[in-house]
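Worksheet: one structure, shown below.
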Number of protein chains: 2
Amino acid sequence: MEKYYSKIKNSPLFCGITDEELERMLKCFGGYVKKYEDGDMIIRQGETISKIYLILDGEVNIEKETYWGRRIIIQKLYANNNIGLSLVASKNVEANINALCVGHALILILNYDKCSTMCQNACMHHSVLISNLFKILSKENIELIEKIENISQKTIRDKLLTYLSNEGQKHKSNIFEIPFNRQELADYLNIDRSAMSFELSKLKSEGLINYKKNKFVLKVEI
Amino acid sequence: MEKYYSKIKNSPLFCGITDEELERMLKCFGGYVKKYEDGDMIIRQGETISKIYLILDGEVNIEKETYWGRRIIIQKLYANNNIGLSLVASKNVEANINALCVGHALILILNYDKCSTMCQNACMHHSVLISNLFKILSKENIELIEKIENISQKTIRDKLLTYLSNEGQKHKSNIFEIPFNRQELADYLNIDRSAMSFELSKLKSEGLINYKKNKFVLKVEI
DNA sequence: TCCTTTTTGTTGTAATTACAACAGAAATGT
DNA sequence: ACATTTCTGTTGTAATTACAACAAAAAGGA
């Protein structure tokens with residue numbers, strides 16, 4: 001557990017909390033680290049969630065399956081991100097997503113019930129933590145709206161250009177790597193993979209973008 | 001101002017806060033009520049937001065305009081909802097949406113800066129408020145994911161069925177009113193209005209749904 | 001009431017997409 | 001290095017959609 005302290009300390013979740021406080025809080029919240037392997041379900045649609053999941057290492061896809069069996073990728077999460085945070089606030093809310101491990105991952109798991117009841121008045125750190133939770137959810141909210149913008153474009157071309165432009169702005173650069181392979185990107189943008197590949201080629205041949213595997217270059221201002 | 005107290009008191013934002021506390025907090029946060037008319041911009045894309053907006057009465061559309069000039073309706077908000085809450089957490093974040101008044105609306109406006117600095121240690125209500133903020137954002141998060149589910153369906157038919165099914169579940173009934181007119185619903189689901197009308201007619205003729213104006217009846221389990 | 005405006009429904013056509021099937025490239029394991 | 005598997009790109013066709021143009025219905029105002 002101790003070997004993860006530095007990682008945990010630097011997460012937005014524990015931002016503004018000192019080392020000794022952190023140690024006490026982790027005990028208080030029954031914190032432990034769990035390993036997941038490729039394909040493992042960390043959160044399953046329909047479950048009731050009362051734990052806070054913090055990714056220490058690895059990659060997690062937030063997905064949904066349609067009634068007709070198609071996969072929707074809502075977002076991809078990395079180290080320092082929380083999984084399903086919006087589900088712990090209200091008890092009796094069923095998870096509306098699946099959280100799937102991609103490759104190996106290390107997840108810190110905290111008991112939010114203990115966090116919210118035992119510390120309500122006792123811990124002065126509780127207010128720092130809940131303030132952090134608010135900030136984290138705010139960021140996630142903004143990212144979800146960005147995703148809505150991406151997939152709300154009319155054509156495959158517009159979806160790609162909007163997505164790539166947004167990624168460029170996030171990286172503050174015209175050169176960046178995207179976190180998806182082609183099939184994942186298609187499932188994220190809700191389009192057919194082969195049609196997407198075709199459109200990417202077209203954009204490349206027109207000189208608007210360049211790419212090799214996951215590395216993209218934007219040659220235009222959108 | 002006093003005449004709005006009962007409305008304000010019953011909002012999720014001030015849940016768990018007593019009457020006297022509320023009065024003190026409203027003064028402390030420089031709270032005031034502002035009237036908006038149809039088409040007024042409450043929040044404009046690109047602005048930096050440092051105020052909390054609480055809808056006391058009326059209807060507000062959260063929208064985005066695409067690069068190509070098309071309207072995207074992200075969500076429709078009503079009394080007791082907050083506008084752009086995710087924007088106040090981090091200063092220097094530019095609004096990624098427009099908030100437009102639909103018809104008349106009454107909005108309570110609070111100064112979040114005062115709320116977060118002055119009360120950091122002084123007010124014990126601050127922690128209640130920030131806990132409420134977390135819960136509100138959680139709910140919004142879940143709704144955004146639901147919207148993503150709706151618009152991620154492949155065909156117009158699937159989008160309509162998914163949307164109507166989700167609305168039915170929310171109302172816990174097969175009979176319910178939707179908050180959108182046809183054009184708004186099309187802009188919410190990112191589809192063409194006329195094509196949507198055509199598909200609605202088809203669903204009605206097939207006996208899967210029934211509707212008249214905004215009142216819908218689901219005749220199947222989805 | 002009548003007229004005007006707004007909203008909703010209908011239809012045909014051009015554009016776009018999904019899908020399937022396959023080829024080529026890259027990655028992986030032995 | 002080779003075989004195998006996974007990932008990416010290409011193409012043709014059927015299905016779906018956007019768009020425009022218009023008709024019908026409903027709502028609102030004088």
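Chain letters run A, B, ... following the sequence lines, proteins first, then strands; residues in each count from 1.
Rounding to the nearest 0.5 angstrom, the gap separating the CZ atom in B:Arg182 from the CG atom in B:Asp187 is 13.5 Å. Rounding to the nearest 0.5 angstrom, the gap separating the NZ atom in A:Lys202 from the CZ atom in A:Arg157 is 5.5 Å.
Donor-acceptor pairing under 3.5 Å is lacking for the side chains of B:Asn80 and B:Asn10. There is a side-chain donor-acceptor pair under 3.5 Å between B:Ser152 and A:Asn190.
Straight-line distance from the NZ atom of B:Lys204 to the C1' atom of C:dT10: 14 Å, rounded to whole Å. A:Asn181 places its CG atom 13 Å from the P atom of D:dT6, with the value rounded to the nearest Å. Rounded to an integer number of Å, the gap from NZ of B:Lys212 to C1' of D:dA25 is 11 Å. Protein atom CG of A:Leu203 is 17 Å distant from nucleotide atom P of D:dT8, rounded to whole Å. Rounded to an integer number of Å, the gap from A:Leu185 CG to D:dC7 P is 14 Å. Computed from coordinates, the B:Tyr211 OH to C:dT8 P distance equals 11 Å when rounded to whole Å. In this entry the distance linking CG of B:Leu200 with C1' of C:dT7 reads 14 Å, nearest Å. If you measure from atom CG of B:Leu160 to atom C1' of C:dG9, you get 14 Å, rounded to the nearest angstrom.
Taking the six-membered ring for Trp, A:Tyr188 and A:Phe180 have ring centres closer than 6.0 Å.
Across B:Glu59, B:Glu167, B:Glu63, a single residue satisfies salt bridge (Lys or Arg N to Asp or Glu O under 4.0 Å) together with B:Lys76, and that is B:Glu59.
Nucleotides of DNA chain C nearest to B:Phe198 and B:Gln183 differ in position, and the one nearer the 5' end is that of B:Gln183.
Base contact: A:Ser197 has a heavy atom under 4.0 Å from a base atom.
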Just the atom pairs and distances: protein N or O near nucleotides 14-22 of chain C's N or O, under 3.5 Å.
residue: C:dT17; atom: OP1; partner: A:Ile156; partner atom: N; Å: 2.5
residue: C:dA18; atom: OP2; partner: A:Asp192; partner atom: N; Å: 3.2
residue: C:dC19; atom: OP1; partner: B:Lys154; partner atom: NZ; Å: 2.7
residue: C:dA20; atom: N6; partner: A:Ser194; partner atom: OG; Å: 3.3

